[in-house]
Structures are given as C-alpha cells and as structure tokens.
Amino acid sequence: MTKAQRIHPIDVILHKRDGLALTDAEIRAFILAIVERTPRKHLVTDAQIAAFLMAVFLRGLDPRELATLTAAMRFSGEVAYTEALNTFTIDKHSTGGVGDKTSLLIAPIIAAAGLAQPTPEGVPGICVPMISGRSLGHTGGTLDKLETIPGFNTQLSFPDMRDVLRECGAALIGQTPTIVPADRILYALRDHTGTVESPFLITASIMSKKLAEGLKALVLDVKVGSGAFMPTYEKSKFLAQLMVQTGEASETRTVALLTSMDEPLGRFSGNWVEVWECVDIMQGKRHPMSSDLIELSNILSGWMLHLAGHATTPEEGAELSDDILKSGAAYKAWLKIIATQGGDTTVFEDPASHHKPNATRVLKATQSGYLAAMDCKQVGWAVQRLGAGRAKPGDPVSAHAGIESHAKLGDRIEPGQPLFTLYSEDSALLDEPEQMLRETLQVSSSLVPRRPLVREVITKNNIQ
Ligand code: URA
C-alpha cells in the first residue's frame, strides 16, 4: 500500500467542506481511490464522491489544488506519449456551440502547415492529436459529424493515433474508456448531484482530457452569448481564466478566446450538413453564410500557428491559415486524414448529393425589419429535436437532420423570405422545432449592431 492510499476519503471531504486547502497528496489519493475501486474493493463510495463534488462546488479550489486535481485526473488512465514524435503538438477545444464545426477545418489547416515544414525526422512540423466528443444537450459533437463519413474510424488506440499523426499531421479520434477514467466517474455523479456547473470541476474535466493528448500548446474557444454553456459573460471569462491558468501550470502554452455564440456558426447546423459545409470551403466554394465560420476558424488556426512558431503574430497566422485554405492544401490534408482513418473520400466529390433528409420545411419571415436576436440555445435544442442531437447519452443521432440558416443577426429581412430550412429523417419531428425557432426569432425595425466574433483574448499575461 502506498502512502497516498492511507489518506481516508472522509478526511479529504471534511477538509474541503471546512474551507481548507487540500494537500496534493490528499487530492491524488482521492482520485486514485476513485479509479482503483472495484465492486469488491470499496476504497470510496458514490456518496463520498458526491460529497466531495459538492464541497468543491461550494468552496472552490485554489490554482494549486486545481492543477493537482487536473493532473491526477489526466494520469488516471492512458496518456498519449506524443513526445516520441518530436514535433509540436497542439490542439483546439471549444466549450460547445451550435453549428460550431471549426475543428473540421482547423485540423486539416494545421496539418497542412505541419506537412509543409516537416522536422528533420520527416514528421510533420506541427501535429494535432484531436480527441473530440459527442453532441451534448443543445450543442453538437465533432465525433457525430465525423461518423457520417462512411467507413471513418474514430476509435483508434493511442499507438494507432501516433501512426496517423506521423503520416497526416492530424488525427481525429474519440474518447475511449481508458482515457481519463476518473472524469467518466466524476461526470456521471456531477450530473446527479447538481455539481455540473462548477467552473473548477469543468476546468478539471476538460483540461485533464485535453492534456492527456500530450500537448505543447492549446487554444481554447470559450463561448459567450445566448448559445454558450455558461450563463453569463463573467462566468465564461472566469472559466477561461481557470483553464488558461491550469494549462500553463502543466507547461502547456494555453490561450483562450472568448467568442460570440449568439447565433449558429456558419450555414448549417447538424451532422453531415456540417461536413458538407466544411468540404465546400476546403474546395474553395465560399457560401456567404459561411463567412463567420471561415473567419473564426482562421483566427483560431492563426493562434495555433503563432504558438507553434509558424507565424510571428496571431494575425499573421490567420492570414497563413486562409492561404492554406484557399490553396487547396487543407483539402489535400483532409483527404489524407480521412482516407488514413478508413473513410470513403468519394463522398466529398458531391457532398450535397449525400444529404438525404426525408422531410424538409422552410420557415419564412412574416414581417419586415432587421433580424435582431435569437436564443441560440433554443436553436440548438431545435436542431437536437429534429434528430441531430441526443436526449440522453448513448442515443443514436440522425446523419441528415439539421437546419440551414438563411439570414444572420443584423440582416435586413422581408416577409416571405426564408430564414431557416429544417431537415429531418421523420416528418413528425418537424412541428416542434419549427415552433421553437419561430418563437425565438426577434425582428426589429431599426438596425441592430453586430457583436464582434472575438470578444476578448485571455493569456497567462492578462489574468488578474
Ligand atoms: N465538457 C466536459 O468535458 N466536461 C465538463 O465538465 C463540461 C463540458
């Protein structure tokens, strides 16, 4: 028995309940007890884990405690030893949005930049070991979108992921039971104990999984606005600061961008339709409704290229990113990643023809004016109800459900003009989402100023 295991869970709970700072040994012992317990080895009970979570929810964690909790969770399972590749490993994480498909563009953009400048060992100069999640609540999931590509395998082991990185400069994989098992156990209990919203627990949950990828740098896209996971700007900013602090504490350069999620990003929200939109962009077809998506993807890629040393400033990085998109290099990298992970790339020759919803309905404007506001979370729930998201973990999602946006906030609209097209595989699923979308749209007679896409950038240098 190690010294750490002799710390009893009840003492850890009492200390946090009474507002004391936990020692590193206490935190590590608690997490170890969680992952090492078995039906016959009751190192810590569910009731004790729940009490610990509530104590953290109410008392919070100081930066050292948060860094230690995150590291203990990160090393609770398998971690990717990407150091062996001797390349600059970097990733992007978004706190989740509606129509947020930037990952599908960013991974091939950065891969293309890395492939263009390989290391002396012949490995791409930058690699993106991207572990993505599934749709959750009103937000979409990159994994669900990728799995609409026939044959594409997201269930790769870390050694297999390393092979794809060496070959392609990016790998797009899903969470496995052996990556950060502590988070799986904690998250399930948070869901039942009213402790999901703790910024400390969210930080440990997100950052432990990202850091398990073995990153040199991480760019975070923390959403603010009506479609954001956090309810206020201040709470999103606090979360961003905690995540930057925690990443930097584990020697991963971390930057967070607070970005607007007041309306769906880009043209489509759903699963296959989002892949289609990104393929169009990578093939050089820029639909006007995709402008915000392209801009945000270039800004985030720009930061990544800057942190990786491929651009002097993030702005120069954003220009480089757009050049990579326009030159077709990102599309070439995309085809390589998809093919290497078993996907059928012929579907990209005519992506529109693979969009096969059984039911379609167009929601039209009933008055003239300017599109002033919408509850973006409500739009996300409408997408989920069309079949694109899931009501509970494990539910199947529809490849072809979703919405197409025809207007952006601030646009002038006239009666009869299409605002959204709804897609579903079941016509019975159209009525409720149509009503939800209709109710949430606000039209104003005067021009409403647009909010900038990037509201604030948080780095280690500007955290108070
Ligand atoms: N996403 C996560 O992975 N964890 C959280 O706690 C919240 C969002």
Side-chain angles (χ1 to χ4, degrees), residues 31 34 49-50 52-58 60-61 65-67 69-74 76-77 79 91-98 100 102-103 129-145 154 172-213 215 218-225 227-232 235-247 250 252 254 256 258-259 261 377 380-381 384 389-390 392-394:
I31 296 302
I34 290 174
I49 302 172
F52 171 80
L53 291 169
M54 187 55 83
V56 171
F57 185 94
L58 295 173
L61 296 170
E65 288 176 291
L66 184 53
L69 175 64
T70 305
M73 289 170 65
R74 167 186 179 180
S76 67
V79 287
D91 197 7
K92 186 252 6 168
H93 176 80
S94 154
T95 56
V98 183
D100 180 5
T102 59
S103 292
M130 192 178 273
I131 302 177
S132 302
R134 298 194 178 279
S135 85
L136 187 71
H138 73 285
T139 65
T142 301
L143 217 52
D144 293 318
K145 298 166 201 179
T154 57
L172 303 166
I173 72 165
Q175 185 82 18
T176 69
T178 54
I179 303 171
V180 194
D183 182 59
R184 200 176 305 278
I185 298 162
L186 291 175
Y187 198 89
L189 282 162
R190 281 168 62 199
D191 216 17
H192 288 107
T193 54
T195 51
V196 168
E197 293 86 354
S198 159
F200 304 98
L201 295 173
I202 295 172
T203 296
S205 170
I206 292 176
M207 293 302 286
S208 60
K209 288 178 286 194
K210 283 288 126 181
L211 297 174
E213 294 174 356
L215 301 177
L218 174 65
V219 173
L220 296 159
D221 178 4
V222 179
K223 304 292 186 190
V224 294
F229 182 61
M230 300 305 272
T232 64
K235 285 187 174 164
S236 289
K237 182 169 175 177
F238 184 58
L239 176 65
Q241 290 173 328
L242 288 181
M243 291 200 287
V244 169
Q245 226 167 40
T246 305
S250 69
T252 297
T254 310
L258 293 168
T259 74
M261 183 40 71
K377 202 170 266 175
W381 282 117
Q384 184 262 339
R390 46 177 65 80
K392 58 179 191 312

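Excluded from the calculations below are hydrogen atoms, water molecules and symmetry mates; all remaining heavy atoms, backbone and side chain alike, are included. Start at 1 and go down the list; that is how both ligands and their atoms are numbered. Starting from 1, each residue takes its place in the sequence as its number.
Between Y187 and ligand 1, not a single N/O pair is under 3.5 Å apart. Between K209 and ligand 1, at least one N/O pair is under 3.5 Å apart.
Residues S236 and L258 have side chains in contact (heavy-atom distance under 4.5 Å, counting atoms from C-beta outward).
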Worksheet item: Are S94 and D100 close enough, and set up right, to give a side chain to side chain donor-acceptor pair (under 3.5 Å), and what steps lead you there?
Response: CA-CA 8 Å; S94 154; D100 180 5; 2.8 Å; yes
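In this structure, NZ in K210 is found 9.0 Å from CG in L220, a value given to the nearest 0.5 Å.
For atom 1 (N) of ligand 1, the nearest non-hydrogen atom of the protein is I206 CG1, 3.8 Å. Looking only at heavy atoms of the protein, atom 4 (N) of ligand 1 is closest to S205 OG, 2.7 Å.
Using bins of under 30°, 30° to 60° and over 60° for the plane-to-plane angle, the ring pair H138/W381 lands in the tilted bin.
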